[in-house]
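Each chain gets a letter, A, B and so on, in the order its sequence line appears, and its residues count up from 1.
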Number of protein chains: 2
Amino acid sequence: MTFDSKQQATVTLAEVAQAAGVGESTVSRVLRNHGSFSRKTRDRVMAAVEQLGYVPNRIAGTLASAGSRLVAFAIPSLSNIVFPDVLRGASGVLEANQHQAVFAVTDYDPGREEALVAAMLAWRPAAVMLAGLEHTEGTRKMLRASGCRIAEVLDLDGTPVDLAVGFSNSAAGRASAEFLLKRGYRRIGYVGHDLERDTRAGKRFSGFTETLQAAGCALVDRQINAGPSSAESGRLGLEHLLARSPDLDAVYFSNDDMAIGGYFHCLARGISIPSQLAIFGYNGLDIGRVTPQPLSTIRTPRVMSGQVAAELIVANAPPQVVDLGFELVEGATV
Amino acid sequence: MTFDSKQQATVTLAEVAQAAGVGESTVSRVLRNHGSFSRKTRDRVMAAVEQLGYVPNRIAGTLASAGSRLVAFAIPSLSNIVFPDVLRGASGVLEANQHQAVFAVTDYDPGREEALVAAMLAWRPAAVMLAGLEHTEGTRKMLRASGCRIAEVLDLDGTPVDLAVGFSNSAAGRASAEFLLKRGYRRIGYVGHDLERDTRAGKRFSGFTETLQAAGCALVDRQINAGPSSAESGRLGLEHLLARSPDLDAVYFSNDDMAIGGYFHCLARGISIPSQLAIFGYNGLDIGRVTPQPLSTIRTPRVMSGQVAAELIVANAPPQVVDLGFELVEGATV
DNA sequence: ACACAAAATGGTAGCGCTGCCAAAAAAAAT
DNA sequence: ATTTTTTTTGGCAGCGCTACCATTTTGTGT
């Protein structure tokens, strides 16, 4: 069952020109405030625009001028607040610069990412923003061939195609391990989600375990759940982990969502934090600051990453890597 | 400081046609799998496409065919997971139907919404999706004049322009009040965020208080914080509310983020839930299911709203209102 | 083999706008 | 008043593609 919306007779620039009694190029110049025209002409054009309810057609404009003001985002997920945060940072800058954001969700699937990047490239965007540095060779090839700017955010451990903005996940993992070791924890476990798909979480995990290993204090046990991260997954994960390894003194979670779940598990079971068990997360979500004991975690500049990447894009800055770093939040769960 | 990315010589359909030794229209037909062509021709065209690395230009295609496959989203916020949820529901359907999502963030500002809708309309989208039914008269006028489909989601209390998908916020407010009354609570308070901007929260509040009033049990006190909703705001809000009105027996929060903050406040202060104080939220976020006591709340079909709206759009269904309802989650905080 | 229907293909006029260039008008200089 | 310079302005050729129509090729039935 389809519906025919009355095809609104679209007003074109030519009609505005005729109504205003000027040439098409004059209308174009006035509307873009580009080139020169008299005040009188401008007023006449604007009056005609107003009167006819003219809405410029950016599709046509983009085709004619060969330079689009679209920025494409291929994001892994919309369930994890991390990516909306990046979009938020970017969208403010883009809107302020008359750019338009388009997006698609890859669901952490590199193959899907490739297909979606191909689809988005068909819109001839000015730039493409991606999460992380891990992409299929096909994706990378398309991106390089596209001639548009590429921004990879939230990871710096690897070789960027063009612009990279964010922080090192493996360094975050190392910092987390060092912090726990410094605080004297020795029987450390890990609760995480699907590391195959979330490669950044995988990098943190590697940095974490390698640091423990180097300190002669290897990871005691780990619980890795299938599926995406969530508080529920974290709660169940910790429950399983502790069932197997009840004598752990600290647990590192793949991120704050998982850690909050673990925190709730401890609350429910009367496990006192941090004396009986320490909990450490990653991301620095707001919720972790409101729990009775603030969550110990690493706060990442997600909004800022999106913002800086967007700024580099609109400024057409040269290829570069921008390390925004991260902040270790001591909190009270360690 | 700007950067000249080497202007990749863009491959056009004409070049593909030449390379494949066929006409342009044949290439176009093959690529869109529309009209008829022989298998042999198809293979030749595909080989040329492959070899040249041709990426169709949808800008040109859209201009020529006068029917875009863009769907524009004007969303109030990316901080509140509610809107990413809607985007998530919609984006799956859109991607499956070769549509492309474009978005902009209104920041709950009707004037900003109007400006952003105008900007997005310039891309001649097939549809525009908006949150709620409250828009400026200018926005409504533009939308009607645009000739494209309009979907308003997450609210049904009002008059839609075209499609409306979601649930009634005032009914949700009423249901919350009835639930608390039925459970015997009589000294009820409210903690909320900026109701001027978030009109849907305002509608819930009205439905809630009117129902209390009608039951001869008016709202005892309310704490309304400036700014957006957050767990932090909920925690502080409850603290202030209880400082003024320590004898409340239940508190209704503007949403789950706020309610979780209130929950944490109680945990930290040793206020036992629900015997000393009952807590009721709104949204049915995942986090509320993982707390030691599951949060009593109303679960809303946010992802589904986006999905259904997108399905109606791609199917070009006639104007209609789809009530997806909501579910009252009894939880354990009431 | 022949007539006729069906399938496959190519040519070309726009889609609505911008960029370039030349022409006209206005302003400044002599 | 006339020339030179500067500011305004309009015309028109595309941007890369699709839609439509005309034409050619292939297939079918007798």
May I have the distance from [X] (atom [atom1]) to [N] (atom [atom2]), rounded to whole angstrom?
X: A:Glu24; N: C:dT18; atom1: CD; atom2: P; result: 10 Å
X: B:Trp123; N: C:dG16; atom1: CH2; atom2: P; result: 16 Å
X: B:Leu13; N: C:dG10; atom1: CG; atom2: C1'; result: 13 Å
X: A:Leu31; N: C:dG16; atom1: CG; atom2: P; result: 16 Å
X: B:Gln18; N: C:dG10; atom1: CD; atom2: P; result: 12 Å

Ordered by number, residues from residues 38-45 of chain A within less than 4.0 Å of DNA chain D (heavy atoms) are A:Ser38, A:Thr41
Ordered by number, residues from residues 61-70 of chain A within less than 4.0 Å of DNA chain D (heavy atoms) are A:Leu63, A:Ala64
Less than 4.5 Å apart, side chain to side chain, heavy atoms only: is that true for [X] and [Y]?
X: B:Phe73; Y: B:Val102; result: no
X: B:Leu130; Y: B:Val117; result: yes
X: B:Thr12; Y: B:Asn57; result: no
X: B:Leu154; Y: B:Val82; result: yes

**Asked** Does CD in B:Glu196 sit with more than 12 non-hydrogen atoms of other residues, nucleotides or ligands closer than 6.0 Å?
**Response** no
B:Glu311, CD atom: more than 12 neighbouring heavy atoms under 6.0 Å: yes
Assert: residue with more 5' nearest nucleotide on DNA chain C, out of B:Gly35 and B:Arg124, is B:Gly35
Query - Salt-bridge criterion met for B:Glu137 and B:Arg144 (N-O under 4.0 Å) - result: yes
For the pair A:Arg149 and A:Asp162, find out whether any cationic side-chain nitrogen is under 4.0 Å from an anionic carboxylate oxygen. yes
| task | Verify whether one side chain among A:Thr199 and A:Glu134 offers a donor that lies under 3.5 Å from an acceptor in the other. | result | no
Margin query: Under 4.0 Å, counting only non-hydrogen atoms across every strand here, what does B:Thr12 touch: a base, just sugar-phosphate, or nothing?
Written below: sugar-phosphate
Any side-chain to backbone donor/acceptor pair from A:Ser28 onto A:Glu24? Under 3.5 Å, distance only. no
Quick check on C:dG19: is either OP1 or OP2 less than 4.0 Å from any side-chain nitrogen or oxygen of A:Arg32?
yes
- Is the shortest side-chain N/O distance from A:Ser36 to OP1 or OP2 of D:dT8 below 4.0 Å? yes
Residue pairs passing the side-chain hydrogen bond (donor to acceptor under 3.5 Å, both in side chains) test with at least one member in residues 66-92 of chain A, sequence neighbours excluded, are A:Arg69-A:His99, A:Ser79-B:Arg88, A:Asp85-A:Arg88, A:Asp85-A:Arg302, A:Arg88-B:Ser79
Nearest heavy-atom approach of A:Val16 to A:Val45 is CG1-O, 4.3 Å
Shorter than 3.5 Å, N or O on both sides, protein versus nucleotides 20-22 of chain C: list them out with atom names.
none

Rounding to 0.5 Å, atoms CG (A:Asn169) and CG (A:Leu156) come to a distance of 8.5 Å
Just distance, no hydrogens or angles: give the donor-acceptor pairs under 3.5 Å from side chains in residues 33-41 of chain B, sequence neighbours left out.
unit_1: B:Ser38; atom_1: OG; unit_2: B:Thr41; atom_2: N; d: 3.2
unit_1: B:Ser38; atom_1: OG; unit_2: B:Thr41; atom_2: OG1; d: 2.7

Within residues 51-60 of chain B, the residues having a heavy atom closer than 4.0 Å to DNA chain C are none
